[in-house]
**Student:** 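Starting off with a structure, shown below.
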Amino acid sequence: MIPIGKNILIKKVEEKLKTSSGLLLSQEDASGFRYHKAQVVKPGTEVEIIKPDDLIYYSSIACHGNITH
């Protein structure tokens, strides 16, 4: 799969999230957050700053949910 234009191909990073008081949040609680951490698999043809293997935060509202195997 080759991303075209300003799109990037990412792989979601599973992370353990803690509150400020030290409580661990479940995956169900964390799925309600807007921003998620991901690793860049391949940047698009017009993306110059982001490189493969960079860690980024992406908006779950503004992304496309395509799944490949």
**Student:** According to side-chain hydrogen bond (donor to acceptor under 3.5 Å, both in side chains), who are the partners of S20, at least two apart in sequence or on a separate chain?
**Tutor:**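 Scan of S20 (side-chain hydrogen bond (donor to acceptor under 3.5 Å, both in side chains), adjacent residues dropped) gives none.
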
**Student:** Looking only at side chains, do Q39 and D54 share a donor and an acceptor under 3.5 Å apart?
**Tutor:**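 No, no side-chain donor-acceptor pair sits under 3.5 Å.
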
**Student:** Under the rule for side-chain hydrogen bond (donor to acceptor under 3.5 Å, both in side chains), what residues qualify as partners of E14, not counting sequence neighbours?
**Tutor:** Q27

**Student:** Just jot down the side chain to side chain contact (heavy atoms under 4.5 Å, CB included) partners of I49, sequence neighbours excluded, or say none.
**Tutor:** none

**Student:** Quick check: do P43 and P3 have side-chain heavy atoms less than 4.5 Å from each other?
**Tutor:** no

**Student:** For I4, does the CD1 atom sit with more than 12 other heavy atoms under 6.0 Å from it, leaving out its own atoms?
**Tutor:** no

**Student:** Which pairs, with at least one residue in residues 1-25 and sequence neighbours excluded, count as a ring-ring contact (aromatic ring centres under 6.0 Å, His included)?
**Tutor:**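 Not a single pair qualifies under ring-ring contact (aromatic ring centres under 6.0 Å, His included).
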
**Student:** In the hydrophobic clustering (ILVMFWY, side-chain contacts below 4.5 Å, transitive), which residues join I56, or is it alone?
**Tutor:**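 Grouped by the 4.5 Å side-chain rule, I8, I10, V40, V47, I50, Y58 form the rest of the cluster around I56.
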
**Student:** Write down the atom of S59, the atom of R34, and the distance for their closest heavy-atom approach.
**Tutor:**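 So the minimum-distance heavy-atom pair works out to OG-NE, 3.2 Å.
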
**Student:** For L24, is the CG atom crowded, meaning more than 12 foreign heavy atoms sit under 6.0 Å from it?
**Tutor:** yes

**Student:** Of all heavy-atom pairs between P52 and V41, which one has the smallest distance, and what is that distance?
**Tutor:**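 Closest pair (atom of P52, atom of V41, distance): CB-O, 3.8 Å.
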
**Student:** Considering only residues two or more places apart or on different chains, which pairs with a residue in residues 40-51 satisfy side chain to side chain donor-acceptor pair (under 3.5 Å)?
**Tutor:** none

